Number of protein chains: 2
Amino acid sequence: MKQDSCGCGKCSHKQCTNRVPIFSGLNEEELSYVTDLIKRRQYLKGEIIQLEGSEPDCLTIINRGKVKAFRYTQEGKEQILYLFSEGDFFGENNLLGGKRAAYSAEALEQTNLCMIERKDFQELVRRYPEISLKIIQELCARLERLETTVQNMGSKTMEARIGSVLLEFSEKYGVKHPKGILVTLPFSREGIASYIGAARETVSRRLTLLQDAGTIEMIGNKKIILLDEDALRKELE
Amino acid sequence: MKQDSCGCGKCSHKQCTNRVPIFSGLNEEELSYVTDLIKRRQYLKGEIIQLEGSEPDCLTIINRGKVKAFRYTQEGKEQILYLFSEGDFFGENNLLGGKRAAYSAEALEQTNLCMIERKDFQELVRRYPEISLKIIQELCARLERLETTVQNMGSKTMEARIGSVLLEFSEKYGVKHPKGILVTLPFSREGIASYIGAARETVSRRLTLLQDAGTIEMIGNKKIILLDEDALRKELE
DNA sequence: CGCCGTTTTGAAGACAGTCAAGATGCGTGG
DNA sequence: CCACGCATCTTGACTGTCTTCAAAACGGCG
């Protein structure tokens, strides 16, 4: 589960710290200090990174890849809470608040992680208080996303939820395409369903409807072209 | 731990700072410094404290009373996101992240607020970095609540959502009663509905069902006795 | 006591969930 | 490169539950 991608190791560490928003306020020297604290680890698709209820002793930062954070409902179904990508982190409340992990985390593809141990992280925060402020900003952003999710789930229309998630994926993973925006979906239909709180089949049906309406075009199961972004946006507001 | 309650105004400032978790790590002298920065304000039931999309320039801490935070859905209905009580705060992302307010806030009853202006707050955080850590803990707690809300809304059963919200109110506002736990509801039926993402009538119906089952007893419209807490809890897990 | 706003109840309709079967996509191995 | 087979996705029919609209009951407050 371990790996050094470029041989020298040091520069890929640097890459990691450079790319992570919470360290963006630090200078060369400070970054180098942070870099020395980092332990790296690699996970393959489907591997579990943390379990809900466990007591992680690291702050985990995603350097490359995608990670889903989820809980199980009482019926045993997954409820996906977050989709983490490059630069995102988790484990902060365990280290700072002494809480147990609120969700499980699983790699959706080959994923490189940077981990900072509890004591190192606590020292780090003490030494560079700006890091706390960055973390606060990130947590606020996460809160805003969840608030929007709650709003979407509260306003019942399934149409709006689907549109919302398509736009989210589009912003994160969309690339230009002659016909519109090409989006590579990070989830299967089942995953999308779990992310927006719906049944697999409902997602299928609504996507088909959107395709019939000329709003999207599906290419296989993993790609979608957004032909008419405005139509999607219109449903939300 | 000293308690001031002499009514001299200055002391009630102290009360405020003493009661607020994010200042709990500070000593007498430091608290006194914070106290001098605070501006107090009172709102009556129904008054709007902040509007979604505005640019608040204060951190707002609730010293007494209850505040609901909400957004409007595209259909013009309220979606309540948070119910803030004594010691809760909001406005942090506006001050630290430069963002606009993500929700409107309205006083549910006579409410006393402590407000700290942007520049004072920024100085405060610089001077006492532990405050950031407290804020992070609070934000994490808030995230966890929202995560649970998303989970509840995702797992469709309306029964679970009602049970969940009753238990939440019970923990926050419940008092002992010979028959069980007496809960004074902070919201009307409409408010509860907006909080859990349901229709007014659905809330009525499910509460009636719970009463018929002997799980709760309604007293007027604003009070409920939880007769069988375990029955409620059982629905959740 | 009487009014007005809120809540409850009723009935009809819509929509998503479930179960089941069929189609499609995708990776494997020949 | 093609063919096979499994996993995933789509489609269909049906059921259950929430929503909506409407009317009646209730509660709180002057």
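Note that this is a predicted model, so its numbers are computed, not measured. Below, chains carry the letters A, B, ... as their sequence lines are ordered, and counting in each starts from 1.
Here C/dG25 presents its P atom at 14 Å from CD1 of A/I224, a figure rounded to the nearest Å. As a whole-Å value, the separation of B/R205 CZ from D/dA24 P is 16 Å. Rounded to an integer number of Å, the gap from CD1 of B/I196 to P of D/dC18 is 10 Å. Computed from coordinates, the A/K222 NZ to D/dT8 C1' distance equals 9 Å when rounded to whole Å. Regarding A/L185, its CG atom lies at a distance of 15 Å from the P atom of D/dT8, rounded to whole Å. Atom pair B/M153:CE and C/dG17:P shows a separation of 14 Å (rounding to whole Å applied). Going from atom CG of A/L207 over to atom C1' of D/dT11 covers 14 Å, rounded to whole Å. The interatomic distance linking B/L209 (CG) with C/dG10 (C1') rounds to 14 Å, in whole Å.
Among the protein residues, A/R161 comes within range of no part of the nucleic acid, since none of its heavy atoms lies under 4.0 Å from any strand. No engagement by A/R200 is indicated, since no non-hydrogen atom pair under 4.0 Å with the nucleic acid exists.
Each of C/dT7, D/dG12, D/dC9 was ranked by its minimum atom distance to the side chain of A/S204; first place goes to D/dC9. Comparing C/dA20, D/dC21, C/dA16 by their closest approach to the side chain of A/M158 singles out C/dA16. Nearest nucleotide to the side chain of B/T208, out of D/dC9, C/dG17, C/dT9: C/dT9. Picking from C/dT7, D/dT11, D/dT20 the nucleotide with the shortest atom distance to the side chain of B/N221 gives C/dT7.
A donor and an acceptor atom, one from each side chain of A/S85 and A/Y173, are located under 3.5 Å apart. A/R71 and A/Q79 share no donor-acceptor pair across their side chains, judged by distance under 3.5 Å alone.
A sub-4.0 Å separation between OP1 or OP2 of D/dC18 and a side-chain N or O of B/R206 is present. At D/dT19, one or more side-chain N or O atoms of B/T202 fall inside 4.0 Å of OP1 or OP2 (strictly under the cut-off). Close to C/dT8, at under 4.0 Å from its OP1 or OP2, lies a side-chain N or O of B/R189.
Both the sub-6.0 Å distance and the 45° axial angle are not jointly satisfied by B/R64 relative to the ring of B/Y43. In this structure, B/K68 forms a cation-pi arrangement with B/F70, its terminal cationic atom sitting closer than 6.0 Å to the ring centre and no more than 45° off the ring axis.
With DNA chain C read from its 5' end, the first of the two nearest nucleotides for B/S188 and A/T157 is the one closest to B/S188. Residue-to-nucleotide proximity on DNA chain C shows that, of B/E201 and A/I219, the 5′-proximal contact is made by B/E201. Closest-nucleotide positions on DNA chain D for B/A198 and A/M218 were compared, and the one nearer the 5' end corresponds to A/M218.
Rounded to the nearest 0.5 Å, atoms CD (A/E190) and CD (A/E201) are 9.0 Å apart.
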